[in-house]
Asker: 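The structure under discussion is supplied below as C-alpha cells; questions concerning it will follow.
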Amino acid sequence: MSSSSKHTGRLEEPFIILAVLSLLGGSIWLVVRAPLLLEFYYSNELLALTHTFTLGFVTSLIMGVTYRLAPMALFVLPRSRRWARIHFWVHALGVLGMIFYFWLPAWHGLAWSALLVLCSALLQLYVWWDIRFPARGDSWVARYVLTAMVYLVVAALLGTWMGVRKGMPDLLPSIGGTFTGFLFAHAHLAGLGWVTTMILGWHLRLWPRTQGNRRLWPVRYAVLQIGTLGLIAGWLWNLPGKPLFATLVLAVIIWHGWGAFVGFVRGRAREGELAALVMLILAASAGLALALGLPQAADPLRGRIQMAYGLVGLVGWFVLTIVIFAFKLFPMWVWQECFGADYGKKPVPGMRDLYHHGLKRVSQWAYVLGLCMSAAGIVAGYLPVLQFGLGLILVGTLTFLTNFVRMARWALLKMEFRPTPGDWDEFRRLFP
C-alpha cells in the first residue's frame, strides 16, 4: 500500500508485493508437491518451500508493514530512505536466491544468498534503530519489535553459518554441536524469536483484548524471552531443560490468548482472531510434547508430528494471523490515502466497503479447516486427506488475494471511485 506520509511513501509496497507473490507461489507449490509433507522434514525442496513462506511471505510482509506501521504507532521514522530502498533489493535477492539454490540444490549459491539475507536483517535493524528510544521509555510494543529484529539478525547469522559450512566447509571452523541442533535452533530463532515476538508485540497495540493487566507486561515479556532463549540454547549446545523452557513458552502464549478467549465468549472477539491463537497454542503444545520426548525418537510417528507441528505454526499461526492483520490495517491505509482528503466533500466508499466480507470469512475458514485436515493427513500418513486440506489452504490464499486486489487496486492501480446516484443521495443526507 502506498504511504500517505512524505517520509515513508511507497517504501512498503515492494515488500508487500513480494510477500503476496510468495504466498501465492508457495500455496500452489504445497498442493502440487503434497507428498513432500509425508517425507523426512529435511530435504532440499521442502527447505526451499519452507523459506518461500517464512522469508518470502512472512518476513517480507512484516518488513514492509513496519515501514508504514512504525511511524504511525511508535512515532519513529526510518533513518534513511535510501538505505530503506537498498534494504528491499538486498532482501529480495537474498530470498529469491535462497529459494532457488535450495531447490537446485547449489550450496555455493545458497551460502551467498544466506549472506544477503543476513545483510537484509542488519539493514532492517539499522533503518529502525531509532525504535530504541521508545523502547527505553514506556513502550513495550517498541521493546517487542526491537527484540524481534535482533532475533532475526541472530537467526540469519546462524543460517548463514550453516549455509557457508554446507557450501564452503573449509571457510569456517566447526563450533561443535550437531547439525540437527543448529537447524532446530535456527527454526526457533526465526519462528519464536522473530515472528512470534513481533506479532505478540503488535497485538498489544492493535488487539486490545490481548493486553491484560499492563503492570504484568514486563513479566509476560520476560517469560517469553527466557523460554525462547532457553530452547535455543538447549538446541545449540544439547543442554538439559528444554521441556521446562517449552512449558514457559506455552504458558505465556496461553496467558497472552486468555483475554481473546474471554472476549470471544462474551461476543467481543471474532472467531478468526481466536482461531489463530488456538493454532499457536496447539503448535506450542506439540512443541512441548516433542521436548518431553513424546513420541520417542525411534517411533515413526515423531517425524510426522514434527512435520505437522511446523505446518500448524507456519500456516495456522503465521499466515492466518497476518491475513487477519491485513484486514485490520490495509483498508485503513488505502482509505486514508485515496479517499480521506475527499471525505465530506463528495461520496467516498467506507473502509469496510473496500473488501468483500464473504470472501474474508471464506479465506479464514478455508485456512482453519484446511490446516486441520492437512495436519491430520500428515499425522495419519494419508495422502488424500492431506491433499484435500492443502487444497482448502490454496482456496484460502486465493480468496485472500482476491480481497487484497480489491483493496490495493485504488492505491496501486490508481482506480477512480465513480459514485452512483444512490451514493450522492446518501452523501447529501449525511452532509446537508
Side-chain angles (χ1 to χ4, degrees), residues 19-39 41 45-62 95 99 187-188 190-192 194-196 198-200 253 257 271-287 290 304-327 360-380 382-383 385-404:
V20 297
L21 292 176
S22 298
L23 177 62
L24 177 60
S27 299
I28 294 173
W29 197 347
L30 268 178
V31 172
V32 173
R33 297 288 291 144
L36 282 174
L37 301 186
L38 298 180
E39 300 174 2
Y41 60 80
E45 186 177 357
L46 189 57
L47 289 172
L49 178 56
T50 300
H51 284 81
T52 300
F53 281 100
T54 56
L55 282 178
F57 174 61
V58 177
T59 298
S60 299
L61 199 72
I62 290 175
V95 169
I99 296 169
H188 285 83
L192 269 178
W194 160 235
V195 182
T196 300
M198 179 70 76
I199 291 175
L200 295 186
I253 287 170
E271 63 273 10
E273 298 169 335
L274 184 64
L277 282 170
V278 169
M279 293 299 174
L280 176 60
I281 292 172
L282 290 175
S285 300
L290 292 168
R304 296 200 293 271
I305 290 180
Q306 286 174 324
M307 186 70 77
Y309 163 62
L311 185 67
V312 170
L314 179 58
V315 177
W317 169 233
F318 296 170
V319 175
L320 185 57
T321 300
I322 288 173
V323 166
I324 291 168
F325 272 171
F327 287 108
K360 175 187 175 183
R361 293 181 64 85
V362 168
S363 63
Q364 292 178 358
W365 280 110
Y367 274 123
V368 172
L369 296 176
L371 184 67
C372 292
M373 292 194 67
S374 299
I378 291 171
V379 173
Y382 190 52
L383 183 59
V385 173
L386 172 60
Q387 288 175 318
F388 189 79
L390 294 178
L392 286 176
I393 290 174
L394 178 59
V395 170
T397 296
L398 293 175
T399 50
F400 165 66
L401 294 181
T402 299
N403 253 341
F404 173 83

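Computed over heavy atoms, backbone and side chain alike; hydrogens, waters and symmetry mates excluded.
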Asker: Would you say Ile199 and Trp317 make side-chain contact, with heavy atoms under 4.5 Å?
Answerer: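 The answer is yes; the side chains approach within 4.5 Å.
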Asker: Please evaluate residues Val195 and Met198 with respect to the criterion side-chain contact (heavy atoms from CB on, under 4.5 Å), reporting the C-alpha separation (whole Å), side-chain torsions for both, the decisive distance (0.1 Å), and the verdict.
Answerer: CA-CA 5 Å; Val195 182; Met198 179 70 76; 5.9 Å; no
Asker: Who pairs with Glu39 by salt bridge (charged side-chain N to carboxylate O under 4.0 Å, His left out), at least two apart in sequence or on another chain?
Answerer: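 Glu39 satisfies salt bridge (charged side-chain N to carboxylate O under 4.0 Å, His left out) with no residue once adjacent residues are dropped.
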Asker: Leu392 and Met373: which non-hydrogen atoms are nearest, and at how many Å?
Answerer: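 For Leu392 versus Met373, the nearest heavy atoms are CD1-SD, 4.1 Å.
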Asker: Closest approach of Gly272 and Gln364, non-hydrogen atoms and distance?
Answerer: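 Answer, listing the atom of Gly272 first, then Gln364: CA-OE1, 3.6 Å.
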Asker: Return the set of residues passing ring-ring contact (aromatic ring centres under 6.0 Å, His included) with Phe53 (not counting sequence neighbours), or none when no residue passes.
Answerer: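 If we apply the ring-ring contact (aromatic ring centres under 6.0 Å, His included) test to Phe53, skipping adjacent residues, there are no hits.
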Asker: Going by ring-ring contact (aromatic ring centres under 6.0 Å, His included), name the residues that satisfy it together with Tyr309, two or more places apart in sequence or in a different chain.
Answerer: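 Partners of Tyr309 by the ring-ring contact (aromatic ring centres under 6.0 Å, His included) criterion come out as none, since no residue qualifies.
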Asker: Could you pull out the closest heavy-atom pair between Gly191 and Thr196, with the gap in Å?
Answerer: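 That closest heavy-atom pairing would be O-OG1, 2.7 Å.
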Asker: Out of Thr321, Val278, Ile324, which residue meets the side-chain contact (heavy atoms from CB on, under 4.5 Å) rule with Glu273?
Answerer: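 So the option named by the test is Ile324.
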Asker: Any side-chain heavy atom of Phe57 sitting closer than 4.5 Å to one from Phe318?
Answerer: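 Of all side-chain heavy-atom pairs linking Phe318 with Phe57, none is under 4.5 Å.
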Asker: With heavy-atom distances below 4.5 Å as the criterion, would you say the side chains of Leu37 and Ser374 are in contact?
Answerer: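 Not touching, per the 4.5 Å side-chain cut-off.
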Asker: Locate the shortest heavy-atom distance separating Ser60 from Ala19; write the atom from each residue and the value.
Answerer: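 Nearest heavy atoms, Ser60 then Ala19: CB-CB, 4.0 Å.
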Asker: How about Phe400 and Val362: do any of their side-chain heavy atoms sit closer than 4.5 Å?
Answerer: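 Counting from C-beta outward, Phe400 and Val362 never come under 4.5 Å.
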Asker: Compare all side-chain heavy atoms of Leu320 with those of Val315 and state whether any distance is below 4.5 angstrom.
Answerer: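 Result no, sub-4.5 Å side-chain heavy-atom pair not found.
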Asker: Considering only heavy atoms from C-beta outward, does the side chain of Phe388 approach that of Leu383 to under 4.5 Å?
Answerer: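 No - every pair of side-chain heavy atoms lies 4.5 Å or more apart.
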Asker: Could you go step by step and tell me if Tyr367 and Thr397 meet the side-chain contact (heavy atoms from CB on, under 4.5 Å) rule?
Answerer: CA-CA 8 Å; Tyr367 274 123; Thr397 296; 2.8 Å; yes
Asker: Going by distance alone, is a donor N or O of one side chain under 3.5 Å from an acceptor N or O of the other, for Trp194 and Thr59?
Answerer: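 Result is yes, a qualifying pair exists.
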Asker: Considering only heavy atoms from C-beta outward, does the side chain of Leu290 approach that of Gln306 to under 4.5 Å?
Answerer: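 Sidechains of Gln306 and Leu290: in contact.
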Asker: Leu55 and Thr50: side-chain contact (heavy atoms from CB on, under 4.5 Å), yes or no, with the steps?
Answerer: CA-CA 8 Å; Leu55 282 178; Thr50 300; over 6 Å; no
Asker: Can you see which heavy atom on Val312 is nearest to which on Met279, and at what distance?
Answerer: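 Heavy atoms of Val312 and Met279 come nearest at CG1-O, 3.4 Å.
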Asker: Rounded to the nearest 0.5 Å, what's the gap from CG on Leu38 to CD on Gln387? Could you check?
Answerer: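 Between atom CG of Leu38 and atom CD of Gln387 there are 8.5 Å.
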Asker: What closest approach, in Å, do Ser27 and Leu394 show between heavy atoms, and which atom pair accounts for it?
Answerer: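 Of all heavy-atom pairs spanning Ser27 and Leu394, the closest is CB-CD1, 3.8 Å.
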